[in-house]
Amino acid sequence: MATKKPEIITDKNQMRNWSRAMRSLGKTIGLVPTMGYLHEGHLSLVKQSHRYANLTVVSIYVNPGQFSPSEDLSSYPSDFDGDIRKLMSLSKGVDVVFHPANLYDYKTYKNSNDINDCKRSESGNTGSGVVSCLEEKGIGHETWVRVERLEKGLCGKSRPVFFRGVATIVSKLFNVVEPDFAFFGKKDYQQFRVIQQMVRDLDFGIEVIGSEIVRDEDGLALSSRNVHLSPEEREKALSISKSLFRAKCSAEKGQINCKELRGLVIQAINDTGGRIDYAEIVDQESLEAVEEIKSPVVFCVAAWFGNVRLIDNMEISIHN
Ligand code: AMP
């Protein structure tokens with residue numbers, strides 16, 4: 001049975017006023033930040049929020065600040081009406097969907113011609129984000145949150161502006177929504193750790209909750225980007241989760257040498273024609289690479305299948 005339609009708020013002041021009014025009534029608020037095109041992975045975060053908080057806000061915002069000029073912001077999938085229907089299909093509903101048009105403020109800058117140029121080039125589907133374009137011209141949003149060490153490895157190597165964009169927009173969402181709890185999927189493990197660290201370092205009074213990866217029945221980690229995989233590519237992409245599960249099994253049977261375990265996963269992905277971006281075994285806290293599994297680690301993989309870059313990971317803890 002469908003639950004009631006969430007209130008849709010697009011204005012950040014209205015969003016903040018709603019949160020403050022609810023908090024003044026003694027309600028706690030859970031925030032689930034998303035870029036939309038929702039799937040069961042996102043819905044699992046909403047269900048987590050129901051367990052922790054009185055009220056739940058889901059934000060839907062495709063963040064231009066985390067796309068570099070070479071990445072195609074314009075092809076990111078979206079289906080706002082479908083997202084609302086999915087949220088309403090849950091047994092307990094969502095109170096607000098925060099869906100701002102834009103969270104980077106271009107209006108205050110001097111040269112409106114430059115801003116219009118950037119907006120025009122974006123609508124021409126050049127793949128260049130408006131924010132990146134404005135930055136190249138030396139104007140635009142100026143304040144960025146960087147989590148200096150954690151943002152560097154893994155995805156940060158091939159996506160140098162990604163975590164800066166994530167940390168900045170999540171800070172803004174925290175400042176606007178003022179939640180008590182925020183929910184992040186461990187599917188994006190590095191992102192989860194970056195946000196945890198940021199919350200600690202900047203004293204946001206928010207509890208960050210990490211949620212387990214939701215997979216399709218065959219093991220593929222759910223992702224909005226999976227829609228871009230052809231059926232053949234999707235089949236091949238199973239090599240990521242299958243080999244990660246095998247590596248976890250080997251480690252639990254005593255294979256703690258990370259070079260060996262990485263080799264297993266790299267070969268499985270290469271054999272199906274996937275192109276590896278990275279396959280690293282890192283400490284769960286520091287995200288530093290380890291040579292042997294002695295403390296809890298996470299085996300993180302990013303690989304391309306066709307034009308689609310997928311990420312997945314497996315937490316591994318050895319109990320002696
Ligand atoms: P996105 O819309 O891709 O930015 O993701 C929004 C949130 O959903 C992030 O915290 C992701 O980590 C989380 N998420 C995405 N896919 C999954 C999944 N398969 N399982 C659990 N959480 C997920």
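When a ligand or atom number is given, it counts from 1 through the structure's own listing order.
- When only non-hydrogen protein atoms are considered, atom 21 (C) of ligand 1 lies nearest to Glu212 O, 3.5 Å.
- For the residue pair Asp312 and Ser241, no side-chain donor N or O sits within less than 3.5 Å of a side-chain acceptor on the partner.
- A donor atom on one side chain and an acceptor atom on the other are not found under 3.5 Å apart for Tyr52 and Asp180.
- Residues Gln14 and Asn17 bring no donor and acceptor atom of their side chains to less than 3.5 Å of each other.
- Remark: minimum distance from atom 22 (N) of ligand 1 to any protein heavy atom is reached at Gly185 CA, 3.5 Å.
- Distances shorter than 4.0 angstrom occur between a heavy atom of Tyr76 and an atom of ligand 1.
- For ligand 1, the atoms sitting less than 4.0 Å from at least one non-hydrogen atom of Leu45 are 7 (C), 8 (O), 10 (O), 13 (C), numbered in the order shown with element in parentheses.
- The closest protein non-hydrogen atom to atom 4 (O) of ligand 1 is Met35 CG, 3.5 Å.
- Residue contacts with ligand 1 for Pro33 involve N, CA, C or O but no side-chain atom from C-beta outward (heavy atoms, distance under 4.0 Å).
- Listed by number with element, the atoms of ligand 1 under 4.0 Å from a non-hydrogen atom of Phe184 are 10 (O).
- Of the listed residues (Val170, Ile311, Val214, Leu222), the one carrying the non-hydrogen atom nearest atom 20 (N) of ligand 1 is Val214.
- Residue Thr34 approaches ligand 1 through these ligand atoms, each under 4.0 Å from one of its heavy atoms: 2 (O), 6 (C).
- By the criterion of a heavy-atom distance under 4.0 Å, the side chain of Gln191, and not its backbone, is placed next to ligand 1.
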Which atom pairs, one a donor and one an acceptor, fall under 3.5 Å between side chains of residues 245-253 and the rest of the protein, sequence neighbours left out?
residue, atom, partner, partner atom, Å
Lys248, NZ, Glu315, O, 3.0
Ser250, OG, Arg246, O, 3.2

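- At least one heavy atom of His39 sits closer than 4.0 Å to an atom of ligand 1.
- The shortest contact between atom 1 (P) of ligand 1 and any protein heavy atom is with His42 NE2, 3.7 Å.
- Side-chain contact check for Asp95 and Thr56: no donor-acceptor pair (N or O, by modelled atom type) lies under 3.5 Å.
- Of all the heavy atoms of Val32, none lies under 4.0 Å from any atom of ligand 1, so neither backbone nor side chain is involved.
- Checked options Lys187, Lys186, Gln48; the residue passing with Glu212 is Lys186 (criterion: side-chain hydrogen bond (donor to acceptor under 3.5 Å, both in side chains)).
- Side-chain contact of Gln190 with Arg193: a donor-acceptor pair under 3.5 Å is absent, judged by distance alone.
- Between Tyr189 and Phe192, the ring planes are perpendicular. Angles over 60° get that label, and only those under 30° would be called parallel.
- Inclusion of Asp188 in the set of residues having an N or O under 3.5 Å from an N or O of ligand 1 is warranted.
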After noting the C-alpha distance and the side-chain angles of His99 and Tyr61, does the key distance pass the ring-ring contact (aromatic ring centres under 6.0 Å, His included) rule?
CA-CA 6 Å; His99 185 46; Tyr61 178 64; 8.4 Å; no

